[in-house]
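Values below: every heavy atom of this structure, side chains too, minus hydrogens, waters and symmetry copies. A, B, ... follow the sequence lines: proteins, then strands. Residue 1 opens every chain.
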Amino acid sequence: MKEALKTTVKKIYRQPEEYYDKEVSLSGWIRNNRNSKVFGFIELNDGSFFKSIQVVYEEEKLENFKEIVKLGVGSAIYVDGILTETPGMKQPFEIKAKNIRIEGHCPSDYPLQKKRHSFEFLRTIAHLRPRTNTFSAVFRVRSLLSYAIHKFFQERDFVYVHTPIITGSDAEGAGEMFHVTTLDFRNIPLTEDGEVDFTKDFFGRETNLTVSGQLSAEAYALAFRKVYTFGPTFRSENSNTPRHAAEFWMIEPEVAFADLNDNMELAEDMIKYIFDYVIRHAPEEMEFFNNFIDKGLLERLNNVIQSEFGRISYTDAVEILKKHNDNFQYKVEWGTDLQTEHERFLTEKVFKKPVFVINYPKDIKAFYMRLNDDGKTVAAMDLLVPGIGEIIGGSQREERLELLDARIKELNMKEEDYWWYRDLRKYGGTYHSGFGLGFERAIMYITGMTNIRDVIPFPRTPKSAEF
RNA sequence: UCCUCAGUAGCUCAAUGGCAGAGCACUCGGCUGUUAACCGAGGGGUUACUGGUUCGAGUCCAGUCUGGGGAGCCA
C-alpha cells in the first residue's frame, strides 16, 4: 500500500468519522495490555500520534488469544479490526480486533513500565525513552518548532545559510572549542619551538568545531540582505547545569540595513510566531505539558504571544535593580553583567512579560558590537523571558572599520585573523544586526521541561556521551 | 570548576548504630468492559565503590565514582 494511504492513529483521531464501522489495519507498539478471562484491552501506539488507541480483543474472535494476553508492554504487533464509537467511555472510540499478529516480542526485562519513571533514570536509557509519553511529546514539539522557525524566516524571504561546522578560526570569541584533528596523539609533530605543527594536520592549520555561525552569516547577510543559520554548535566548556550542553543547535538571523530596533522587532515577531505555531499544531502535546509538566505553561506562553515586549536600557535596568539590592545575593552596580537572579527579577517582577535589555557597557560584551555615541555602551540586546531569563542575545554589528580595528587592538586580538571579516566593512559595508536563539532553550521554554538533557535525543554533556 | 544534596530489589521509595522492607514491575492463578484495571500467591538484595570506627554499619568517618540542584561561563 502507498505510504500516504496507510491508516494511522493520527488520521483516525483527526477524522474519526471517516473510519467509523470500517475495517482498519494498524501496526505499532503495546503501551498497556490488561485482560480478564475471555477478553482484554491493548493501548496501541503507532508512533504517528501522541495519543494511543484502544484495541479490544476477545477469546472467541482470536485463535491466538492466549498468546496475546501474555504480550508485555513494548511488544510490536499488527492489528486488523473495526473502528467503533464508544460514547460515554473514557476513550472516544476503539478497535474491535479481528486479528492480531505478533511482530516483535518484548521480554520481561524491558526497563520501561506503565508507571511514571524519573527523568534521571530515563536519561540512562536514552534509546528507549522516546517511547514514553513525555519524550514522545517533547520530540514531536522539537520537530514542529524546528519547522516553525524555517517557516517564519522563509515566509519573510530570508535565505537559509549553512555555515561551516568545522572552522579555521580559533578566535570567534564565544567560548572554549573542540579541536578537530587527524594528528596521531601518540606522535604529534612539533615545530622547532616545541609547539604543535598544525601544518601537518588535515587542513594544514588549527581547526575547531564551530561555536557560532555569526561571522559567516554576516558575510552572507551583506550579499543576500536577510539570512539565517540553523545548525549544530559546540562548546567544550565544563558547564554542569540544566541549561548547558556541549552540542546544541542555534538559530542566528542576520540582516543588512537593519538597526537594533529592527533586530528587536524581528526577535519579537519570531518568538510570537513560533510559539503560536506550536500551540496550534500540537494541541495534545501542549495540553499534556500543561497538565503534567508545568501547570502554568499555557497561560505563560499565551501571555508572551499577546503582550508587547518591554524595552529598557541597561543603565535604567541597573537603576531599578539597585533599589532592590537587598533581595539579591549579588549586588548590582553599573558596569557588571546582570546575573540570572537580576534578569528574572526584571522580567518576572518588574515587567511581568518578556523584556529587551539594551545598550550594555562595552566591556562586558563582544568585540563586534556597535559602539554607541556615548562611547561607553554598545548596541546590544538581550531578550529576557519569565521563568528562564535570557533566551536571545544579539546586537547591531560594528560596521565602521576604524572603530572595529580599534576594538580588536584594545582586546589584544590579531587583526590578520579577521582579514575577511574586516573586508566586509571595507567593501560596501553597511549597518547590520542579528541575534542568536538557543534552540533547546526555546524548546524548554515552550514545553516546561527544566533540563536541557531532556530536550535533546542523545545529549552530550561533560563526562557523558554514552549513546 | 566551586558550593550543596543524594546513591538500598528492574523502577519509585522506607528502615532510632541492632532480623533488609513496601508499592509498582516480573512469574503463576482468578475475574465477561477495563482506563497507569482489580483480587490472591510467588521469585527477586555484594545497601555505588575502597578503606576506617564499633561487640555490631544501609545508618558514623575519610576518599573515589555517578547523579540531582545552585553558582560561574553562556545559548
Choosing from [options], which nucleotide comes nearest the side chain of [X]?
X       : options                   : value
M89(A)  : rG68(B), rG33(B), rA25(B) : rG33(B)
V38(A)  : rU34(B), rG70(B), rU32(B) : rU32(B)
R453(A) : rU12(B), rU32(B), rG68(B) : rG68(B)
Q113(A) : rG10(B), rC74(B), rG69(B) : rG10(B)

How far does the [atom1] atom of [N] sit from the matching atom of [M], given to the nearest Å?
N       : M       : atom1 : result
rC24(B) : rA41(B) : P     : 12 Å
rG7(B)  : rU64(B) : C1'   : 14 Å
rU50(B) : rG58(B) : P     : 13 Å
rC13(B) : rA6(B)  : C1'   : 13 Å
rC3(B)  : rG42(B) : P     : 50 Å
rU27(B) : rA57(B) : P     : 38 Å
rG67(B) : rC11(B) : P     : 16 Å
rG17(B) : rG52(B) : C1'   : 16 Å

Positive for ring pair (Phe, Tyr, Trp, His ring centres under 6.0 Å) with Y13(A), one of F50(A), F49(A), Y19(A): F49(A)
Can you find an N or O donor on one side and an acceptor on the other, under 3.5 Å apart, linking the side chain of [X] with the base of [N]?
X       : N       : answer
N240(A) : rU1(B)  : yes
E94(A)  : rG33(B) : yes
S239(A) : rC74(B) : no
K96(A)  : rG33(B) : yes
E237(A) : rU1(B)  : no
Q54(A)  : rU34(B) : yes
H117(A) : rC11(B) : no

For [N], take OP1 and OP2 only and decide whether either is under 4.0 Å from a side-chain N or O of [X].
X       : N       : result
R31(A)  : rU35(B) : no
K463(A) : rU66(B) : no
R123(A) : rG68(B) : yes
S118(A) : rU12(B) : yes
K115(A) : rA25(B) : no
N238(A) : rC2(B)  : no

Atom of L384(A), atom of T347(A) and distance for their closest heavy-atom approach: O-OG1, 3.4 Å
Distance-minimising heavy-atom pair for F224(A) and V159(A): CD2-CG2, 3.8 Å
For [N], which nucleotide in any strand shown is its Watson-Crick or wobble partner with both distances under 3.5 Å?
N       : result
rU54(B) : none
rC73(B) : none
rG17(B) : none
rG23(B) : rC11(B)
rG67(B) : rC5(B)
rU47(B) : none
rC38(B) : rG30(B)

In whole Å, what is the span from the [atom1] atom of [X] to the [atom2] atom of [N]?
X       : N       : atom1 : atom2 : result
L383(A) : rC74(B) : CG    : C1'   : 16 Å
H342(A) : rA71(B) : NE2   : C1'   : 13 Å
D109(A) : rC11(B) : CG    : C1'   : 14 Å
F121(A) : rU8(B)  : CZ    : P     : 12 Å
I251(A) : rC74(B) : CD1   : C1'   : 16 Å
D454(A) : rG67(B) : CG    : P     : 14 Å
K37(A)  : rG33(B) : NZ    : P     : 13 Å
Y57(A)  : rU34(B) : OH    : P     : 15 Å

Spatial distance of atom CZ (R34(A)) from atom CZ (F39(A)) [nearest 0.5 Å]: 10.5 Å
Spacing of CZ belonging to F288(A) relative to CZ belonging to R140(A), to within rounding of 0.5 Å: 12.0 Å
So what does [X] touch, heavy atoms closer than 4.0 Å: a base, only the sugar-phosphate, or nothing?
X       : value
F439(A) : nothing
L112(A) : nothing
A245(A) : base
S108(A) : sugar-phosphate

Ionic contact status for K362(A) with E410(A), cut-off 4.0 Å: yes
Short N-O contact, D382(A) and K365(A), less than 4.0 angstrom: yes
No-hydrogen, no-angle side-chain donor-acceptor test under 3.5 Å, S25(A) and D80(A): yes
Pair Y57(A)-N33(A), side-chain donor/acceptor within less than 3.5 Å: yes
Nearest-nucleotide comparison on RNA chain B, the residue closer to the 5′ end among T241(A) and Q91(A): Q91(A)
Which residue lies more 5' along RNA chain B, comparing Y110(A) with F39(A) via nearest heavy atoms: Y110(A)
